[in-house]
Amino acid sequence: VQLQASGGGLVQPGGSLRLSCAASGSILSINTMGWYRQAPGKQREAVASISSGGSTNYAASVKGRFTISRDNAKNTVALQMNSLKPEDTAVYYCFIRFIETFWGQGTLVTVSS
């Protein structure tokens, strides 16, 4: 299983970015996809996840600002990030989880003026 993430970049505080991730390979139809992030000097933390049935979970720090969505037919997941804050600066990693967890390569999001 391989995951390819895209969409990171530099954005000003209050701005928006959309991350995308596509999974390929032998993937079970029942799975969970989502995003973690790791800021400099900090541990990796869960950001948001979505099951193949559409159930979502968000970290408290992003709830109301980020929206996760997926396309089951294409095995893709997206993270719409609005009202970005400097503390959202991190490398964002997408994942897909069924028998085990598979990770993408990470995409850097920098929120700075």
Side-chain angles (χ1 to χ4, degrees):
V1 176
Q2 293 185 325
L3 292 95
Q4 182 68 45
S6 61
L10 172 65
V11 63
Q12 292 187 339
S16 299
L17 275 178
R18 184 177 178 84
L19 305 183
S20 298
C21 180
S24 61
S26 298
I27 298 169
L28 292 182
S29 59
I30 300 175
N31 60 67
T32 297
M33 300 185 76
W35 299 86
Y36 275 65
R37 68 185 180 187
Q38 187 165 20
K42 295 188 177 181
Q43 289 187 328
R44 189 176 293 193
E45 63 173 354
V47 176
S49 65
I50 183 168
S51 72
S52 47
S55 297
T56 58
N57 283 288
Y58 294 93
S61 59
V62 308
K63 196 171 292 186
R65 300 188 297 122
F66 291 11
T67 302
I68 192 169
S69 60
R70 66 181 289 166
D71 184 329
N72 288 339
K74 296 180 180 179
N75 289 318
T76 58
V77 62
L79 186 68
Q80 178 66 41
M81 305 185 293
N82 299 328
S83 302
L84 282 161
K85 305 175 181 180
E87 50 263 43
D88 295 318
T89 295
V91 177
Y92 284 70
Y93 298 90
C94 63
F95 73 89
I96 185 168
R97 180 180 301 134
F98 39 101
I99 296 173
E100 60 182 282
T101 301
F102 301 88
W103 297 93
Q105 82 283 10
T107 184
L108 177 62
V109 172
T110 303
V111 184
S112 175
S113 55

Is it possible for you to say whether Leu17 and Val111 belong to one hydrophobic cluster, with membership spreading through side-chain heavy-atom contacts below 4.5 Å? yes
Considering residues, nucleotides and ligands other than Gln43, do more than 12 of their heavy atoms fall under 6.0 Å from its CD? no
Taking side chain as C-beta onward, heavy atoms only, is Arg37 less than 4.5 Å from Glu45? yes
Under 4.5 Å between side-chain heavy atoms, counting indirect links through other Ile/Leu/Val/Met/Phe/Trp/Tyr residues: same cluster for Leu19 and Tyr36 or not? no
Which distance, rounded to the nearest 0.5 Å, do you find between the CD of Gln4 and the OG1 of Thr76? 13.0 Å
If you define the side chain from C-beta out and look only at heavy atoms, does anything of Trp35 sit under 4.5 Å from Val77? yes
Check whether Gln2 reaches the backbone of Gly25 with its side chain - one donor and one acceptor, N or O, closer than 3.5 Å. no
Would you say the ring centers of Phe66 and Tyr58 fall short of 6.0 Å from each other? no
Between Pro13 and Ser112, the two heavy atoms sitting closest are CD-C, 3.6 Å
Closest non-hydrogen atoms of Val109 and Gly8, given as atom of the first, atom of the second and distance, are CG2-CA, 4.2 Å
Using 30° and 60° as the class limits, which term best fits the ring planes of Trp103 and Tyr93: parallel, tilted or perpendicular? perpendicular
What I'd like to find out is whether the side chain of Val11 reaches to under 4.5 Å of the side chain of Met81, using heavy atoms alone. no
Nearest 0.5 Å, please: how far is OG in Ser29 from CZ in Phe98? 10.0 Å
Without swapping roles, check the side chain of Thr56 against the backbone of Ile50 for a donor-acceptor pair under 3.5 Å. no
Distance-minimising heavy-atom pair for Ile96 and Met33: CG1-CG, 3.8 Å
OG on Ser24 to CG on Leu3, rounded to 0.5 Å: 7.5 Å
Hey, what do you get for CD1 (Ile99) to OG (Ser26), rounding to the nearest 0.5 Å? 10.0 Å
When every non-hydrogen atom of Ser83 is compared with those of Ser16, the smallest separation belongs to N-OG, 4.4 Å
Of all heavy-atom pairs linking Asp88 and Arg65, the shortest is OD2-NH1, 2.7 Å
Are Phe102 and Leu79 connected in the hydrophobic side-chain network, where two residues link if heavy atoms are under 4.5 Å apart? yes
Separation of Ser52 OG from Arg97 CZ (nearest 0.5 Å): 12.5 Å
Is it true that atom CD of Gln38 has more than 12 heavy atoms of other residues, nucleotides or ligands lying nearer than 6.0 Å? yes
In Å and rounded to the nearest 0.5 Å, what is the OG to CD1 distance from Ser49 to Ile68? 6.0 Å
